[in-house]
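Reading through the structure tokens given below for one structure.
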Amino acid sequence: MDSLPTPDDILAAAKRIAPYAVRTPLIEHPELGARAGGRVFLKLEMFQRTGSFKFRGACNRILLIPEADRARGVVAFSSGNHAQGVAAVAKLLGIPATIVMPADAPRAKIEGTRALGATIVNYDRVTEDREAIAGEIVARHGATLVRPFDDPGIVAGQGTAGLEIARDAAGFGVALDAVLAPCSGGGLVTGIALALSKVSPGTKVHSVEPIGYDGMRQSHDTGERIAAHAERLSIADALMAPMPGKVPFALAKLHLAGGLAVTDEALVRAVSFAFRRIKIVAEPGGAAAIAAVLSGVFDAKGKNVALVVSGGNADPETVMACCNEAPTP
């Protein structure tokens, strides 16, 4: 396994990506706080470049590639948000990018990735192995593989969101009791947990996953890295990694307070609440932390809690369907 990133790596990543990444806002949402019985703050990562926190990790990891190797390009596999992050960074730096994407990825994510100039290779997520496809492309071109979460450079980049959360919470005069973040492979939530272990050690960090894809929750509870077993696909296409990455899980054992799992119904309600009440577009996976609070899976009563709203790359039809299914979220 790769060596684990440190809090100092996150500080270095923050300086490295500062010329490129957006410092996204942390806002308080009184209505959500009133419903939860505490103070609820939202870290709005849909305002990041490409509409997702994934730009942070991709930017840090690609900037770590030696100059001499960049011309051979980068390769990534992703259902969409990491794809767009890698493609955007590659475009900024003038590097060729090839992205292996599932054919059933949301249209907004496929079109967004293509618009950034990346070459897209589609695959069937049920019958084909995306890592094998990406590995063949890397071997053929000598490109650098930029993994979506199982890489210290990626985790350090994602952890920069945690530094911003801590600094902005301090600006509100608030000591955060907890931070909730969506989790697929675990790079974001464990990067945030690592960052806060240094700058806000009293804050507990929890992962949020769809039921059936709650590999981080199950792995954390059992103390060993295991895969969740879903009976069907989740509406949260971005959160369907069944098992946490090796690097994120090693960090989770050290710094994560625990894992939470939410239903697709709760995710639908959260997307509708985000649109109708917060006035933002959040994709189902990006709204997972909101779902945990709205559904009561996480008890925020009497607490100061920050929720990472991690992405806004939903097809309009998906947002509309969620709003129609949950008209009074």
Side-chain angles (χ1 to χ4, degrees), residues 1-2 50 52 54 57-58 61-62 72-90 95-151 154 182-188 209-216 218-219 225-249 264 267 283-286 311 313-315 317-318:
M1 185 182 71
D2 292 321
T50 72
S52 162
K54 288 287 190 176
R61 179 64 184 87
I62 292 173
R72 292 193 288 272
V74 293
V75 178
F77 46 82
S78 166
S79 65
N81 285 329
H82 179 63
Q84 291 179 91
V86 170
V89 176
I95 300 172
T98 301
I99 314 295
V100 180
M101 298 186 73
D104 63 349
R107 187 183 71 252
K109 295 180 179 180
I110 293 175
E111 292 177 352
T113 304
R114 183 175 288 115
L116 289 164
T119 298
I120 295 175
V121 176
N122 289 127
Y123 75 99
D124 184 319
R125 72 166 89 220
V126 176
T127 63
E128 294 183 284
D129 184 343
R130 65 182 188 174
E131 295 195 40
I133 295 169
E136 190 275 330
I137 298 169
V138 167
R140 188 167 69 246
H141 297 286
T144 299
L145 178 63
V146 181
R147 295 182 177 276
F149 50 79
D150 212 356
D151 182 293
I154 291 287
C183 178
S184 184
L188 172 66
E209 300 164 290
I211 288 176
Y213 294 91
D214 51 340
M216 179 64 85
Q218 294 184 34
S219 297
R225 186 168 163 263
I226 59 175
H229 297 286
E231 295 181 358
R232 59 187 176 88
L233 297 179
S234 170
I235 190 174
D237 64 281
L239 303 184
M240 292 198 297
M243 180 187 295
K246 294 177 182 178
V247 171
F249 180 59
D264 269 18
L267 291 167
E283 62 188 276
N313 291 311
D315 289 334
E317 295 84 358
T318 298

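For the numbers below, each heavy atom of this structure counts, side chains included, while hydrogens, waters and symmetry mates do not. Numbering of residues begins at 1 and proceeds along the displayed sequence.
Summarising the geometry of P148 relative to F77, their closest heavy-atom pair is CD-CE1, 3.5 Å, with the distance given to 0.1 Å. Closest approach of F249 and R225 over heavy atoms only: CE2-N, 3.4 Å. T50 approaches A88 most closely through the heavy-atom pair CG2-CB, 3.4 Å. Across L267 and P284, no two heavy atoms sit closer than the pair CD2-O, 3.3 Å. Contact detail for I226 and S219: the closest heavy-atom pair is N-OG, 2.9 Å. Considering every non-hydrogen atom in both G215 and A228, the closest pair reads N-CB, 3.7 Å.
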Report the C-alpha separation of D151 and V247 in whole Å, then their side-chain angles, then the decisive distance to 0.1 Å, and conclude whether the side-chain contact (heavy atoms from CB on, under 4.5 Å) test is met. CA-CA 7 Å; D151 182 293; V247 171; over 6 Å; no
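Scored by the side chain to side chain donor-acceptor pair (under 3.5 Å) test, E128 finds no partners at all (sequence neighbours excluded).
Between the CD atom of E131 and the CD atom of E136 there is a distance of 14.5 Å, given to the nearest 0.5 Å. Rounded to the nearest 0.5 Å, atoms CE (M101) and CZ (R114) are 8.5 Å apart. If you take CG on N313 and CG on N81, they are separated by 5.0 Å, rounding to the nearest 0.5 Å. Within the model, atoms CG of L116 and CD of Q84 stand 6.5 Å from one another, a figure rounded to the nearest 0.5 Å.
Side-chain N or O atoms of D214 include none that pairs as donor or acceptor with a backbone N or O of E209 at under 3.5 Å. Looking only at distances, a side-chain donor or acceptor of H82 sits under 3.5 Å from a matching main-chain atom of V146. A donor-acceptor pair is defined here as one N or O able to donate and one able to accept, closer than 3.5 Å; no such pair exists between the side chain of T144 and the backbone of V74. In this structure, D315 contributes its side chain and R107 its backbone to a donor-acceptor pair below 3.5 Å.
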Listing, residues 230-245 side-chain donor-acceptor contacts under 3.5 Å, not counting sequence neighbours, or none:
from: S234; atom 1: OG; to: A236; atom 2: N; distance (Å): 3.0
from: S234; atom 1: OG; to: D264; atom 2: OD1; distance (Å): 2.8
from: D237; atom 1: OD2; to: K109; atom 2: NZ; distance (Å): 2.9

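For the side chain to side chain donor-acceptor pair (under 3.5 Å) condition, the pairs that include at least one residue of residues 117-127, sequence neighbours left out, are D104-R125.
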